Amino acid sequence: MEMKEYINGYIDERIQGDGGEVGFVSLEGNTLTLLFRGECSKCGILDRCCDWIKERIEKDLGIAVEIVPVRKRPYFQDK
Amino acid sequence: MAHIKVTRRGMSPEEWLELRFIRLKRHVYSDKAEIDTFRIKDARQVSEMEYEFYDGGEFRPLRRGDIYFTPDGTAFIEADFEVPERFRGRDYCFTLQTAAEMTVKVNGIYAGGIDPNRDRINLSDYVKDSSLHFEITGYNRSKPDDERNPEVLAVRGCRQIFEGGYLAIVNSAVQSLVYDIELLRDIAVSGKFGEDVARFYLDELNNALNLIDFDFFCDEDVLAASDYIEKHIYSDKTYRGSGRVELVAHSHLDIAYYWRRIHSVQKNMRTVLIQLRLMDKYPDFRYAHTQAYTYETLEKYYPVIFEELKRRVAEGRFEPAGAMYVEPDCNIPCSESLIRQCLYGKMYFREKFGVDVDNCWLPDVFGNSWILPQILKKCGVDYFVSNKMSTWNDTNRFPHNNFIWRGIDGSEVYACVPPTHFISWNLPSQILENYEAFQEKNSGSDTMQMFGYGDGGSGCTEEMIELMHRFGKLSVMPETKHTSGRDFLHDNLSPDKKLEVWDDELYLEMHRGTFTTKAKLKDYNRRSEFLLREAEIISCLKLKDGIPYPAEEIRALYKKLMINQFHDILPGSHITPVYRDAVKDFEEITLGAKAHAKGEKYFNSLNFKRNSFSFIECEGPDIRHGKKGRFVLSGIPALSSRELPPAQGDGGWFEFKDGIARTPLYTAEFSPDGGILSLKEGGREWVKGEFNRLRIFYDMPGNYDAWDIPANYKEREIAVKTVSPLEFVYADGESAALTATLATGKSTWKRIIRFFRNSRGIEVENIVDWQEDHKLAKVFFGCNILSRKILCDTSAGFIERETHKNTSREKAKFEFCIHKWCDMSETGGGIAIINENKYGAGAENNEISLSLLRSPVRPDPSSDRGNHDFCYMIYPHTGNAVEAKINETALEYNIPLTRADADYDGADFYPLILQAMKLSEDGKRIIYRLSEQNGERGEIKLNKKLKIMNMLEEELYETDTIEYSPFEIITAGEEI
């Protein structure tokens, strides 16, 4: 499975369950940039979630990545 | 002389109190034994009781400091542990601090629930063995902001750090003192009780805590402090409160919101379990739990807990509250849907518990339609409880708490809208605030305070009950009484109380966006309601042919509809997965309902002759909702099936040239974007101002994005450009179409405008690729009409609303809920706007607006983005809305012809509208639900006697003459 499909499908479906949303932005080398929206965009422990995504990618796709999270907060939380 | 502001740098008395309170709480457990054998496996819930496990579902060790839980995850945790020798024979508990919600089974017994608001379970009361086997199921989702614990709030998220689980011995003296200080501290620091009172409590709490040496902590000091409090605070009656507040324990459970419906099965189970365990410990504790649906899931999936619940119901301590099947939105569902909520809710409670629930309990619903009192009354529900009008109105204070609510037809129910929020936790300041805000102090009735955590369920805590038990010691508070919901309502809303009447809808001055958010769900809802109506009618008519009525199947489909009318599903205030679940359910309802419509002919399910056009799918010149077909004036009689006349004539009746359309009725001048500059009927001009003008506004209400439309939304709008100006498409013997395409920077909007040879209606189909963020799309109709009122369909009659903005109440009603139509008329004529799936509208002076689409980002970041295809109809008419039969035209517009060979030869109930024809729940009768929707009274002579029934299908009397009054809903039954 392609990384974009994996992130936008498998991972996002799980993130959505907690009111968040994650989208694939880019994969350059082993640097995976992800866009986090919804509840994720203001999460105080997003790093733990990124670690989990990294673990799943390694287990399911056999690829080791470093994740760069980009948060897109809604305007009313963009303080 | 310059004023130097004094800045406190030392610790304030309040801070010193807080500090010592925190230190005291560290001693609540006198002994702890860490369970070091935890193991965990992670999963994701995929249905009510099914889970997909990660990594083969293997357990791995779980140690303190490990990260646990996964996004949208359910964790299964086990441990085996020997009770330490020093614990045996003593009372001990299991304690675990977590941001998740956990159900704990020990040695196969449901011991209790743990979550951010309760970190321990009394274990030795339930488990006598010394070898303990723990089975813990945890779900890491609570409502975003219902945790009281600020430490937990700060680290809320999908992945948590395991803080360890322990067996512990509670130091009961310390725990009791903690509860005392929790209670008294609130009086001292909340600022609600007055300066002198606060000073007294602060000083005396300081004196009490001075007796404890925190460096050499000992029980003797704790007892001395407790004794001091007893003698110097509880016994002091210097300060006296007044009034009385009745306390009702409950837990509001959203069956879907920031979690899917499948998760609410466990949330409900855990909530019930927690309250049952509290009942074990506190013999006086009584608790109210709503939604028959949640009891059904408990019965089905957790029968052991359900049996325990049944025993407590029989004792009168666990109270089934709220007659409805779920807590539905009460603006958007039609009257038949609301009737079924009560019918199936009450049936369930009667059947399972022998309990007749006579109240409707809807604390969190976003306003309530004027049709509700009649429905409640005729379902044997005399009491109505809501809350949001008191606590969420953004402009005007709702003027009542205990009152009589009079409905559209004059029916009255008692109503209670408590002055403070339905989630409270029994702090004295909350009780005082409730009483001070209570508006019927002189009525002879008490005020109600609901307590218990909710939205995500979980309910009451030990702390809330302990605080409540101490209220009687405090002279400074209002008097309190813990009671049941039923007892409160019966005791306080009664004929001997001086209660005023509210004769109007219960409009919530907030959450106005929910009439429009998630447009597709609104469409599914409207269609499903009418499809189910039709399925029942056809199934009744098929009985004559010996085809059994599919009662179980239809009931299951109706229940699925009712579940999706829940007040956080249908309004659109939910996360993305909830939307997917709802769409799946609605697709199943659609397929299931349509399966009953089979035949060669076309069936008119209305109980009056079709006088307006219908669109039928065939090889025709038009495409409507993506389907090829044609419009036809069928003339099919009431409840009959016929073949349709062939297409005839040509488009010679229609002309479009230089932006002007001419029909036998109208001369319409258009702007290139499809706006109507002039609409003349003979010499009568219908247009004044912008008419059929699409406008898209910035829609940025803040945190409650899916819920609200800001009052000042008209201040900013975006440009909508015309990409393809209005042009002619086709004309045949019945209809003609023009089309224009508009666009913003992100979205495209195609408009198809249709005229009809034999109808006054002008239809506008909108095919939209909607990719906006934070926008509200509305269409405006500036009418050449002088009226201060707009009539709005409620599905069971119409409500008149003001179009002027004289007072703050009218100003606050800038967006309101309509059903199939709204109408503005003056003497001689008016304009109706008829829709097939919209519920939000506005009216100011001569201008009507229909809300079409929104695009919020919270809770669902992708809400409403995508393709939409919907129609509305502009309907100028002579006379007023009743004379012009707007309601019947709107019914025809919303209920298309269907392929079915069925005919009805029974009683003619016209001019009452046949809302439903169904088999009675006991299978013995055909039930006719008849609705007077024009505000008229009269009588219908029948050719035989029928039973008149209530809405629970219980016989009232027999008659051959139906007398009806304005907006009355009548249920009649005919023996099969």
Side-chain angles (χ1 to χ4, degrees), chain A residues 1 3-25 32 34-67 69-79, chain B residues 42-46 52 54-56 67-74 99 139-145 152-161 257-260 262-263 574-581 698-706 708 710 773-774 856-863:
Chain A
M1 190 188 284
M3 182 68 74
K4 182 175 180 179
E5 190 186 341
Y6 181 76
I7 297 293
N8 290 351
Y10 181 84
I11 297 293
D12 189 34
E13 197 181 340
R14 281 141 185 82
I15 299 289
Q16 283 177 5
D18 289 285
E21 197 176 82
V22 63
F24 174 90
V25 176
L32 175 63
L34 300 177
L35 179 68
F36 288 92
R37 301 204 295 156
E39 293 296 313
C40 299
S41 67
K42 62 181 179 70
C43 182
I45 51 173
L46 185 61
D47 56 315
R48 296 182 197 170
C49 215
C50 291
D51 288 343
W52 177 80
I53 296 172
K54 186 175 152 179
E55 279 165 31
R56 291 314 318 168
I57 290 171
E58 186 136 14
K59 280 200 171 114
D60 295 338
L61 302 184
I63 301 172
V65 296
E66 291 304 318
I67 292 177
V70 175
R71 297 169 189 256
K72 186 178 176 191
R73 293 174 192 258
Y75 67 93
F76 47 84
Q77 286 163 355
D78 196 8
K79 297 172 191 168
Chain B
D42 291 303
R44 183 169 170 259
Q45 191 166 359
V46 293
E52 276 175 3
Y54 291 99
D55 306 323
I67 299 232
Y68 71 146
F69 283 102
T70 54
D72 196 27
T74 298
Y139 175 54
N140 193 34
R141 181 67 265 166
S142 191
K143 186 172 89 73
D145 53 349
V152 163
L153 214 59
V155 294
R156 193 190 70 239
C158 303
R159 310 217 72 214
Q160 295 297 314
I161 294 176
Y257 173 43
Y258 264 82
W259 46 85
R260 296 169 65 191
I262 56 175
H263 299 121
H574 52 250
I575 56 173
T576 316
V578 172
Y579 175 71
R580 282 198 291 267
D581 288 343
Y698 281 89
D699 178 15
M700 303 176 83
N703 199 39
Y704 286 94
D705 208 21
D708 293 339
D773 290 323
H774 299 300
V857 300
R858 179 181 180 264
D860 181 352
S862 58
S863 178

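In what follows, every chain begins at residue 1, and chains take the letters A, B, ... in the order their sequences are listed. What you see is a predicted model, and the numbers here were worked out from it, not measured in a lab.
No side-chain heavy atom of B:D860 sits under 4.5 Å from any side-chain heavy atom of A:Q16. Side-chain contact between B:N703 and A:Q77 is present, with at least one heavy-atom pair separated by less than 4.5 Å. The closest side-chain heavy-atom distance from B:Y258 to A:E39 is below 4.5 Å.
With rounding to the nearest 0.5 Å, the separation of CH2 in A:W52 from CZ in B:F69 is 14.0 Å. To the nearest 0.5 Å, the span separating CZ on A:R14 from OH on B:Y54 amounts to 4.5 Å. Atom CZ of B:R159 and atom SG of A:C43 lie 11.5 Å apart (nearest 0.5 Å). For the atom pair OH (A:Y75) and CG (B:D705), the distance works out to 5.0 Å, reported to the nearest 0.5 Å.
Formation of a donor-acceptor pair under 3.5 Å by the A:D18 side chain with backbone atoms of B:D72 is found in this model.
The two residues A:K59 and B:D55 come nearest to each other via the heavy atoms CD-OD1, 3.2 Å. Contact detail for A:E21 and B:P861: the closest heavy-atom pair is OE2-CB, 3.7 Å.
Neither the backbone nor the side chain of B:R260 comes within contact range of chain A; no heavy atom of the residue lies under 4.5 Å from a heavy atom of that chain. The part of B:H774 that comes within reach of chain A is its side chain, from C-beta onward, which places non-hydrogen atoms under 4.5 angstrom from that chain.
Contact tally against chain B (heavy-atom pairs below 4.5 Å) for A:G38, A:C40, A:C49: the top residue is A:C49.
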